[in-house]
Participant: 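This is the structure I have questions about; it appears just below.
No experiment lies behind these values; they were computed from the predicted model shown.
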Amino acid sequence: MTSDDHAPDSPLLDEIERYYDAVPRSAARTEDFGPLTLFVRKDDTGWQYYARPTLGHTGPAATAEDVRRVLARQRELGAPEAFEWVAEQNPELRAAVEAAGLTVHEHPLLVLGPQDEPAPAPELPEHVEVRMLTADAPELAEAIAVPDLAFNAPGTAIGAAGAAELAEKVAQLTTEGGTARIARRITDGLTAQAAALDAGTVVCSGQYNPVGAVGEVVGVGTLPSARRRGLGLAVTAALVAHARANGVRTVFLSASDEDVARIYRRAGFRGFATALIAEPAGIQEPATTRA
């Protein structure tokens, strides 16, 4: 059963599964392992990817040996030893990855479908502005840096990281070329970026990545020192509004846990499934892919 205790919506699960197979292909190549597909980034500056169940596979389900073959290839490539899938779509995979020695983490999947109405955006102080960013926006580097700081301090409690840490992270991203990569994706229509600015400084940001009529909201994070002001909800509302205005009818996301999922329910999202991530024990999940 899903997190909202109702039967899985098979057409929706199929739609999300097609999205999950399509979205990495703009920046990754694939390697075929029968019931599993490994996504490998095309260059050294992009995101590190993972393995997923092969879309449309009709043969035997993946075994622990299949998982070990993929793990060996990931180690050979220097890629993360990671698998991602939807529990309700491929329920048998969990036993295989656990038998191969990986630890499985659960994350609520929430959706705003074509018939779902998003909640109104929360009211913010006059000095806080939420807007979509263009590829040449001067605030783009800060918008990319803020979620990194947010996910390095998990939870919703107010934290210590603020302006000084943000400046340091921006300098690091600029040196590593991360800002240029996201700018290219915005230009190519592969990513849309929103940010909340307080007196000109980004204090919360997030993205969605569209593929046809489906888009996933990812990386919504608030600067720890600016938490508990409704900024995450405001940024999410801006992303949803932009997606709907540009032909995306199904918007979904994965929350880190049920506490965070409750925040997104206030934005109008509803639970429909569970995202699973499998990695070696003790490995921290990559924050870039989590909402």
Participant: Any heavy-atom pair between the side chains of Glu279 and Tyr50 that's under 4.5 Å?
Facilitator: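 No. Closest side-chain heavy atoms not under 4.5 Å.
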Participant: Charged N to carboxylate O below 4.0 Å: is that the case for Glu81 and Arg73?
Facilitator: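 Salt bridge: no.
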Participant: Kindly say whether His57 contributes a backbone atom to a donor-acceptor pair with the side chain of Thr54 at under 3.5 angstrom?
Facilitator: no
Participant: May I ask you to check whether over 12 heavy atoms, not counting those of Glu65, lie within 6.0 Å of atom CD?
Facilitator: yes
Participant: Working to the nearest 0.5 Å, report the span between CD1 of Ile277 and CD of Glu84.
Facilitator: 4.5 Å
Participant: Is the backbone N or O of Val214 less than 3.5 Å from a side-chain atom of Arg249, with the two atoms forming a donor-acceptor pair by type?
Facilitator: no
Participant: With side chains defined as the heavy atoms from C-beta onward, is the minimum distance between Glu139 and Arg131 less than 4.5 Å?
Facilitator: yes
Participant: When Ile, Leu, Val, Met, Phe, Trp and Tyr are grouped by side-chain heavy atoms lying under 4.5 Å apart, directly or through other members, which residues fall in the same group as Phe83?
Facilitator: Phe33, Leu36, Leu38, Val40, Val67, Val70, Leu71, Leu77, Trp85, Leu93, Val97, Leu102, Val104, Leu276
Participant: Which atom pair, heavy atoms only, marks the closest approach of Leu140 to Ala135?
Facilitator: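 Heavy atoms of Leu140 and Ala135 come nearest at CD2-O, 3.6 Å.
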Participant: How many angstroms lie between CG in Leu55 and OG1 in Thr37, if you round to the nearest 0.5 Å?
Facilitator: 8.0 Å
Participant: Is a side-chain donor or acceptor of Ser225 paired with a backbone partner of Gly159 at a separation under 3.5 angstrom?
Facilitator: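 Checking the backbone N and O of Gly159 against the side chain of Ser225, no donor-acceptor pair under 3.5 Å is found.
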Participant: Side chain of Glu98, backbone of Ala95: donor and acceptor closer than 3.5 Å?
Facilitator: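 Not a single qualifying donor-acceptor pair exists.
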Participant: For the residue pair Phe252 and Tyr19, categorise the inter-ring angle as parallel (less than 30°), tilted (30 to 60°) or perpendicular (more than 60°).
Facilitator: perpendicular
Participant: Give me the one residue out of Leu190, Val248, Val217, Val218 that meets side-chain contact (heavy atoms from CB on, under 4.5 Å) with Asn209.
Facilitator: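 Result: among Leu190, Val248, Val217, Val218, Val218 is the only option passing the side-chain contact (heavy atoms from CB on, under 4.5 Å) with Asn209.
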Participant: Would you check, one step at a time, whether the test side-chain hydrogen bond (donor to acceptor under 3.5 Å, both in side chains) holds for Gln89 with Asp14?
Facilitator: CA-CA 8 Å; Gln89 189 78 351; Asp14 290 342; 3.0 Å; yes
Participant: Regarding Asp21 and Arg18, does a basic nitrogen lie under 4.0 Å from an acidic carboxylate oxygen?
Facilitator: no
Participant: Report the C-alpha separation of Val251 and Val111 in whole Å, then their side-chain angles, then the decisive distance to 0.1 Å, and conclude whether the side chain to side chain contact (heavy atoms under 4.5 Å, CB included) test is met.
Facilitator: CA-CA 6 Å; Val251 184; Val111 68; over 6 Å; no
Participant: Checking Asp9 side chain against Leu12 main chain: does a donor-acceptor pair fall under 3.5 Å?
Facilitator: yes
Participant: Identify the heavy atoms of Ala22 and Val211 that sit nearest to each other, and give their distance.
Facilitator: CB-CG1, 3.9 Å
Participant: Working note: Thr134 + Ile186, criterion side chain to side chain contact (heavy atoms under 4.5 Å, CB included); need CA distance, chi angles, decisive distance, verdict.
Facilitator: CA-CA 7 Å; Thr134 59; Ile186 293 172; 5.6 Å; no
Participant: How close do Glu88 and Ala273 get, counting heavy atoms only, and between which atoms?
Facilitator: OE1-CB, 3.3 Å
Participant: If you define the side chain from C-beta out and look only at heavy atoms, does anything of Leu112 sit under 4.5 Å from Arg270?
Facilitator: no
Participant: Which atom pair, heavy atoms only, marks the closest approach of Gly219 to Phe151?
Facilitator: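 Smallest interatomic distance, heavy atoms only, reads CA-CE1, 3.9 Å.
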Participant: If we only count heavy atoms from C-beta on, is the Val203 to Leu231 side-chain gap below 4.5 Å?
Facilitator: yes
Participant: Between Arg29 and Glu31, is there a side-chain N and carboxylate O pair less than 4.0 Å apart?
Facilitator: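 A salt bridge is present here (some side-chain N lies under 4.0 Å from a carboxylate O).
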Participant: Of the options Glu216, Gln193, Arg185, which is the one that meets Gln207 in a side-chain hydrogen bond (donor to acceptor under 3.5 Å, both in side chains)?
Facilitator: Gln193
Participant: So, do Val220 and Tyr264 sit near enough that their side-chain heavy atoms are less than 4.5 Å apart?
Facilitator: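 They are in side-chain contact.
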Participant: Identify the heavy atoms of Ser26 and Lys42 that sit nearest to each other, and give their distance.
Facilitator: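 The pair with the smallest heavy-atom distance is O-NZ, 4.0 Å.
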Participant: Look at the side chain of Ser205 and the backbone N and O of Ala195, then say whether any donor-acceptor pair between them is shorter than 3.5 Å.
Facilitator: no
Participant: Would you mind checking if Glu17 and Arg52 are paired as a salt bridge, meaning a charged N to carboxylate O distance below 4.0 Å?
Facilitator: yes
Participant: Starting from the C-alpha separation in whole Å, work towards a yes-or-no answer on side chain to side chain contact (heavy atoms under 4.5 Å, CB included) for Leu13 and Val86.
Facilitator: CA-CA 8 Å; Leu13 288 173; Val86 177; 3.9 Å; yes
Participant: Okay, side chain of Arg227, backbone of Ala150: is any donor-acceptor separation there less than 3.5 Å?
Facilitator: yes
Participant: If only side-chain N and O atoms count, and only distance matters, is there a donor-acceptor pair under 3.5 Å linking Glu15 with Thr250?
Facilitator: yes
Participant: Taking everything shown except Glu168 itself, do over 12 heavy atoms lie less than 6.0 Å from its CD?
Facilitator: no
Participant: Hey, are the side chains of Leu166 and Val146 touching, using non-hydrogen atoms and a 4.5 Å cut-off?
Facilitator: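 Result yes, sub-4.5 Å side-chain heavy-atom pair found.
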Participant: Is the NZ or CZ atom of Arg25 both under 6.0 Å from the centre of the six-membered ring of Phe39 and within 45° of that ring's axis?
Facilitator: no
Participant: Considering all heavy atoms of both residues, which atom of Arg244 and which atom of Pro118 are nearest to each other, and what is their separation?
Facilitator: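 Smallest heavy-atom distance, with atoms named: NH1-CD, 3.7 Å.
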Participant: Between Thr63 and Asp66, does the side-chain hydrogen bond (donor to acceptor under 3.5 Å, both in side chains) criterion hold? Intermediate values first, please.
Facilitator: CA-CA 5 Å; Thr63 65; Asp66 292 321; 3.2 Å; yes
Participant: Is a donor on one side and an acceptor on the other found under 3.5 Å between the side chain of Gln74 and the backbone of Pro80?
Facilitator: yes
Participant: Could you walk me through whether Glu258 and His107 pass the side chain to side chain contact (heavy atoms under 4.5 Å, CB included) check?
Facilitator: CA-CA 8 Å; Glu258 282 296 337; His107 300 278; over 6 Å; no
